[in-house]
Amino acid sequence: MDYNFKEIERKWQSRWAENHTFKAVEDESRPKYYVLDMFPYPSGAGLHVGHPLGYIASDIFSRYKRLCGFNVLHPMGYDAFGLPAEQYAIQTGQHPAVTTEKNISRYREQLDRIGFSYDWSREVRTCDPEYYKWTQWAFLKMFGSWYDRNLDKARPVEDLVRAFETSGTEGINAACTEEISFTAEQWKSMTDKEKSDTLMNWRIAYQGETSVNWCPQLGTVLANDEVKEGYSVRGGFPVEQKKMTQWQLRVSAYASRLLDDLETLDWTDSLKEMQRNWIGKSQGAEMHFKAYNGDKEYDMVIFTTRADTVFGVTFMVLAPESEWVEKLTAPERKTEVEEYLAAVRKKTERERLSETRKVTGVFSGSYAVNPLTGDRVPIWISEYVLAGYGTGAIMAVPAHDSRDYAFARHFNLPVIPLIEGCDVSESSFDAKEGTMCNSGFLDGLSVKEAIPAAIDYVEKHGIGRRKVNFRLRDAIFSRQRYWGEPFPIYYKDGIPQALPFDSLPLTLPEINEFKPTETGEPPLARAKDWSYASYPFETSTMPGFAGSSAYYLRYMDPHNAQALVGKDKNAYWRNVDLYIGGTEHATGHLIYSRFWNKFLYDLGYVCEKEPFKKLINQGMIQGRSNFVYRIVGTNTFVSCGLKDSYETTEIHVDVNIVHNDRLDLEAFRKWMPDFADAEFILEDGEYVCGYAVEKMSKSMFNVVNPDMICDTYGADTLRLYEMFLGPLEQSKPWDTKGIDGVNRFLKRVWRLFYDRDALILTDEKATPGELKSLHKLIGKVQTDIEAFSFNTSVSAFMIAVNELYEHDCHKREILEPLIILLSPFCPHIAEELWEVLGHKESISYASFPEYVEAYTIENSCTYAVSFNGKTRFTIDLPRTMSKEDVEANVRALDQTAKYVAGGNIVKVIVVPGKIVNVVVK
RNA sequence: GCGGGCGUGUUGUAAUUGGUAGCCAAGCCAGACUUAGGAUCUGGUGCCGUGAGGCGUAUGGGUUCGAGUCCCUUCGCCCGCACCA
């Protein structure tokens with residue numbers, strides 16, 4: 001009987017489905033382990049061979065953990081709201097729900113063929129009303145909460161209102177959009193609308209004005225990557241910067257906790273570093289400068305991390321969007337300033353970023369007074385200062401800040417060096433080192449001493465205070481789209497109101513067209529009679545990250561109609577032990593999810609502070625494209641090695657008709673009508689293609705479909721090969737060349753059991769040598785899996801099987817554990833052989849073989865050779881060897897001879913067990 | 001510019017973490033069995049040299065009895081951030 005992977009894989013996949021083999025049920029008697037994949041967006045293109053890489057790794061780990069006795073939760077679902085389905089709907093009229101449904105079934109088919117051990121009874125889809133009910137619920141909770149900095153947690157808004165009623169903003173220390181204060185009386189005298197607007201300053205989900213990329217023709221806000229050179233990527237319509245009122249999430253309130261709790265996570269350093277940079281904590285000081293526009297005096301506040309350089313301030317700069325601009329523009333400069341602001345406003349965010357080094361700016365006509373020197377310095381306006389960071393205004397120290405330096409040189413402003421011996425004739429001196437000069441009371445201090453000394457001084461004299469700033473911004477939460485979660489918000493007399501919980505989910509209304517309306521309203525404005533008690537609903541929808549922020553919680557209790565997740569279920573599964581996914585979510589999903597989790601934790605809905613304990617980023621699999629070379633003006637193609645003798649054009653060729661870089665000529669002629677009568681110039685009778693590593697995409701003809709691999713080699717080969725390709729976390733090109741090696745390996749595994757049709761399994765006792773190999777393998781596979789070093793364990797399997805062949809070993813005592821070891825990697829063949837071995841139950845219920853070290857060390861003993869009290873190297877010698885023989889052996893070693901020749905004492909320590917000192921000389 | 005990572009045969013990679021560099025595969029070469037084979041099996045394969053031997057982990061230096069591994073220099077590649085004051 002040959003290894004018939006097609007039959008075996010079909011058989012076991014349907015058996016697992018029928019028997020619900022991987023259904024996870026809460027079980028207090030067993031430890032839990034939660035393995036999660038980042039759920040996919042089901043795109044129309046289906047899966048290519050790169051997508052399942054992480055899924056295979058997590059599946060191996062899940063199956064391994066199951067063998068180790070853990071109750072494993074390993075679910076899968078779909079991130080199903082999103083732009084492509086909506087764009088497709090606009091073009092074709094096909095409802096996004098229909099497209100999405102179709103794509104999901106395609107994904108499911110493809111996933112099933114690879115033999116994953118998902119508990120499909122827990123599947124979630126973000127576009128399912130039963131699911132997004134809880135996305136809406138969480139939003140309402142955020143709308144109904146504020147962040148109390150005194151307790152460092154989120155609290156219900158009712159508490160805040162009560163405080164306002166008794167004592168106004170007195171004593172409130174909370175995360176807010178801007179610092180405002182009022183008394184209880186003032187609060188009570190506000191209208192409902194005013195109260196609502198005021199509370200937005202504190203709510204965690206709030207409406208606020210912010211600057212966005214607005215495309216009038218498309219009628220929507222666009223993300224930065226949807227805009228190119230001031231025009232929309234789709235349609236090519238002009239895009240402008242516009243201040244708009246949008247729903248936002250006060251993620252910034254959690255900045256400090258998001259940063260600190262990174263320490264508790266088992267993530268890679270690079271990923272943690274990315275998040276640290278994104279959160280961007282910087283410690284510095286806020287300082288007050290008196291500013292004068294004519295005779296009007298203002299109190300201007302700036303943020304700086306370099307308080308020590310205040311003696312070198314030669315001008316001040318405001319962000320163009322800063323509210324100070326209006327106050328500090330002198331009447332005689334009004335025209336120039338307005339021209340500048342208009343020019344800046346026309347630019348997109350992208351343009352502002354791409355023109356990084358171009359210096360622009362305008363003088364406001366006002367002056368500020370340096371609080372330490374009393375010097376009068378001009379106030380400028382420039383786009384290099386960002387409105388959204390700090391106070392939107394800076395003190396400029398050109399001698400020690402390269403951006404200020406560039407500005408000063410461009411506009412011919414003075415530069416005052418503050419560090420002894422620094423040369424600022426060509427560039428600024430940004431390093432935080434050296435000794436201060438020209439700096440009054442700071443002279444003689446090192447920069448490191450001067451920074452705190454300056455802040456102390458400033459605090460003592462009431463000029464400013466210590467301040468920590470974060471770069472992390474609040475997340476813009478509304479999109480002018482159809483295919484997303486509707487906001488559970490309606491407007492009563494223009495005041496946003498929360499929909500009662502029992503009215504959730506608020507489902508997406510049917511509309512006849514998915515475009516924005518003619519008047520620029522979001523598509524949902526087309527919905528007829530869509531209102532709550534005749535009050536109109538919010539017409540924007542939530543962004544993609546809304547649905548993916550808490551999905552890992554929903555898997556714990558996917559069918560609960562009363563709660564996002566039941567308390568008991570949450571208490572059992574707690575959080576994700578292992579999360580595998582791409583690094584592209586480092587500063588998106590992985591931040592939002594952590595924020596969302598912490599918010600729910602504050603309110604007592606979840607029991608863990610962090611959602612994902614351990615996180616692994618699988619590398620990306622790139623495409624490996626092949627090329628043919630057409631001689632210009634002909635239909636003749638020249639093999640790669642000869643192409644330099646001709647004038648050729650390089651043409652992408654479908655990698656599926658190329659094997660080991662050799663072109664299948666017949667398939668090529670059939671591939672496209674143009675090539676039907678192609679002629680070839682061969683080398684050594686073959687057509688050799690060129691290649692390049694590129695992104696895997698249809699247009700490069702380098703997409704390899706996992707279905708195709710499953711057809712020709714089987715899912716087990718695919719799984720094993722993807723792991724064998726290299727370290728999980730490394731990016732690498734897919735190259736089908738080489739897959740024969742692992743396929744051959746599986747056939748050999750099969751032939752350990754069968755010689756043609758005859759079962760050749762024996763019950764013979766295993767020899768010590770065979771046991772040694774087996775237990776070495778067990779130990780290796782165990783450590784490798786736990787270190788996610790799957791490529792090396794595949795090699796170890798190959799070595800082990802080669803050895804079994806050498807000894808012609810078909811012993812049950814060896815093969816049975818071997819099959820269990822293999823089962824996480826290639827579960828189908830393992831199940832089949834497990835059945836051949838006479839087992840009735842799935843191999844998933846087997847136990848991981850116990851590693852017995854004694855077998856591996858067997859009769860030998862490791863000796864550590866020490867020299868001057870330090871272990872130098874180790875040697876393996878028989879355990880029975882006498883002291884004298886050990887001594888002689890050590891002396892005989894080349895390396896040791898060198899020591900001995902040096903006349904020093906060599907000690908031999910016996911490990912493990914008792915220590916015996918052998919004096920060699 | 002800042003931060004992180006990497007550099008080993010023709011190719012993907014490995015190296016008990018400082019201890020015989022190149023495991024396991026791919027490719028290539030030779031052979032066996034075959035009507036045939038994208039089948040199976042055997043042997044060879046870092047470079048130079050007929051050989052003994054010599055040289056080899058991007059580069060140059062250092063530490064060490066011993067360096068792919070640790071430290072410094074230079075070069076090259078990849079990733080992330082990028083006017084964050």
Side-chain angles (χ1 to χ4, degrees), chain A residues 2 268-278 280-282 284 302-307 309 317 319 352-353 355-359 382-386 388-397 400-404 406-407 430 469-473 583-584 586-587 617 619-620 659-662 664 691 712-713 721 724-727 729-745 747-748 751 776 779-780 783 789 791-802 805 862 865 867-868 870-876 893-902 904:
Chain A
D2 277 343
T268 59
D269 289 334
S270 74
L271 196 78
K272 286 196 208 179
E273 196 56 31
M274 263 191 241
Q275 290 214 341
R276 275 187 210 111
N277 290 340
W278 189 256
K281 180 176 181 170
S282 59
I302 58 96
F303 174 76
T304 181
T305 54
R306 292 294 300 273
T309 60
V317 190
R352 276 182 75 171
L353 290 176
E355 291 171 9
T356 295
R357 304 292 164 207
K358 212 159 145 192
V359 179
S382 172
E383 57 182 337
Y384 87 87
V385 174
L386 305 177
Y389 185 75
T391 61
I394 61 151
M395 63 179 208
V397 186
H400 302 290
D401 183 290
S402 51
R403 298 152 299 177
D404 297 346
F407 194 83
D430 292 15
N469 252 330
F470 292 96
R471 288 161 61 183
L472 186 68
R473 311 288 171 82
T583 179
E584 66 272 18
T587 51
N617 290 125
M620 261 221 293
H659 305 285
N660 295 345
D661 289 339
R662 305 296 188 275
D664 180 335
Y691 74 90
T712 41
Y713 297 98
Y721 186 57
F724 185 68
L725 224 43
E729 292 174 81
Q730 199 169 85
S731 284
K732 54 233 158 189
W734 174 269
D735 187 356
T736 309
K737 177 168 95 184
I739 198 166
D740 294 313
V742 292
N743 188 240
R744 206 168 292 149
F745 162 75
K747 287 179 190 162
R748 281 160 73 87
R751 287 199 309 270
K776 261 180 152 170
K780 171 89 176 135
T783 30
S789 177
N791 54 326
T792 53
S793 30
V794 176
S795 298
F797 281 125
M798 290 178 175
I799 296 168
V801 168
N802 287 348
Y805 265 86
T862 303
V865 179
F867 175 55
N868 286 352
K870 203 179 136 196
T871 300
R872 301 298 185 170
F873 59 91
T874 58
I875 53 169
D876 283 349
L893 287 169
D894 283 357
Q895 295 139 307
T896 323
K898 285 178 192 159
Y899 302 122
V900 178
N904 291 293

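Just so it is clear, the structure is predicted and the values come from calculations on it, not from any experiment. Just so we're on the same page: letters track the sequence lines, and every chain starts at 1.
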Where the side chain of [X] is defined as all heavy atoms beyond and including C-beta, which of [options] is the nearest nucleotide?
{"X": "A:Lys747", "options": "B:A85, B:G4, B:A39", "result": "B:A39"}
{"X": "A:Glu273", "options": "B:A82, B:G3, B:A85", "result": "B:G3"}
{"X": "A:Trp278", "options": "B:U40, B:A14, B:A82", "result": "B:A82"}
{"X": "A:Tyr384", "options": "B:A14, B:U40, B:C83", "result": "B:C83"}
{"X": "A:Tyr713", "options": "B:A39, B:G38, B:A85", "result": "B:G38"}

Indicate whether any N or O donor in one side chain lies under 3.5 Å from an N or O acceptor in the other, for A:Asn469 and A:Ser282. no
Restricting to nitrogen or oxygen on both sides, can you table the protein-nucleotides 43-45 of chain B pairs closer than 3.5 Å?
none

Watson-Crick or G-U stems of RNA chain B, 3 or more pairs, under 3.5 Å, by first number: B:1-7 with B:75-81, B:10-12 with B:24-26, B:27-32 with B:40-45, B:46-48 with B:53-55, B:60-62 with B:70-72
What residues, two or more places apart in sequence or in another chain, satisfy ring pair (Phe, Tyr, Trp, His ring centres under 6.0 Å) together with A:Phe797? A:Phe825
For each nucleotide in nucleotides 24-37 of chain B, reading 5' to 3', give B when a protein heavy atom comes within less than 4.0 Å of its base, S when such contact involves only the sugar-phosphate, and - otherwise. BSSS----------
Just jot down the salt bridge (charged side-chain N to carboxylate O under 4.0 Å, His left out) partners of A:Lys732, sequence neighbours excluded, or say none. none
Set of salt bridge (charged side-chain N to carboxylate O under 4.0 Å, His left out) partners for A:Arg744, sequence neighbours left out: none
Can you classify the ring geometry of A:Phe407 versus A:Tyr384 as parallel (below 30°), tilted (30 to 60°) or perpendicular (above 60°)?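 Rings of A:Phe407 and A:Tyr384: tilted, as their planes differ by 30° to 60°.
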Given atom CG of A:Asp735 and atom C1' of B:G12, what is their separation to the nearest angstrom? 8 Å
Select from A:Lys732 and A:Gly390 the residue whose nearest nucleotide in RNA chain B is closer to the 5' end of that strand.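 Closer to the 5' end of RNA chain B: A:Lys732.
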Is A:Tyr721 side chain donor-acceptor paired with the B:G12 base, going by distance under 3.5 Å alone?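 No, the side chain and the base share no sub-3.5 Å donor-acceptor pair.
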Side-chain N,O (A:Asn791) to OP1/OP2 (B:A14) below 4.0 Å: yes
Whether A:Arg276 contacts B:G3 is assessed here as follows: a side-chain N or O lying under 4.0 Å from the phosphate OP1 or OP2. Is that the case?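 Indeed not, no polar side-chain atom of A:Arg276 lies that close.
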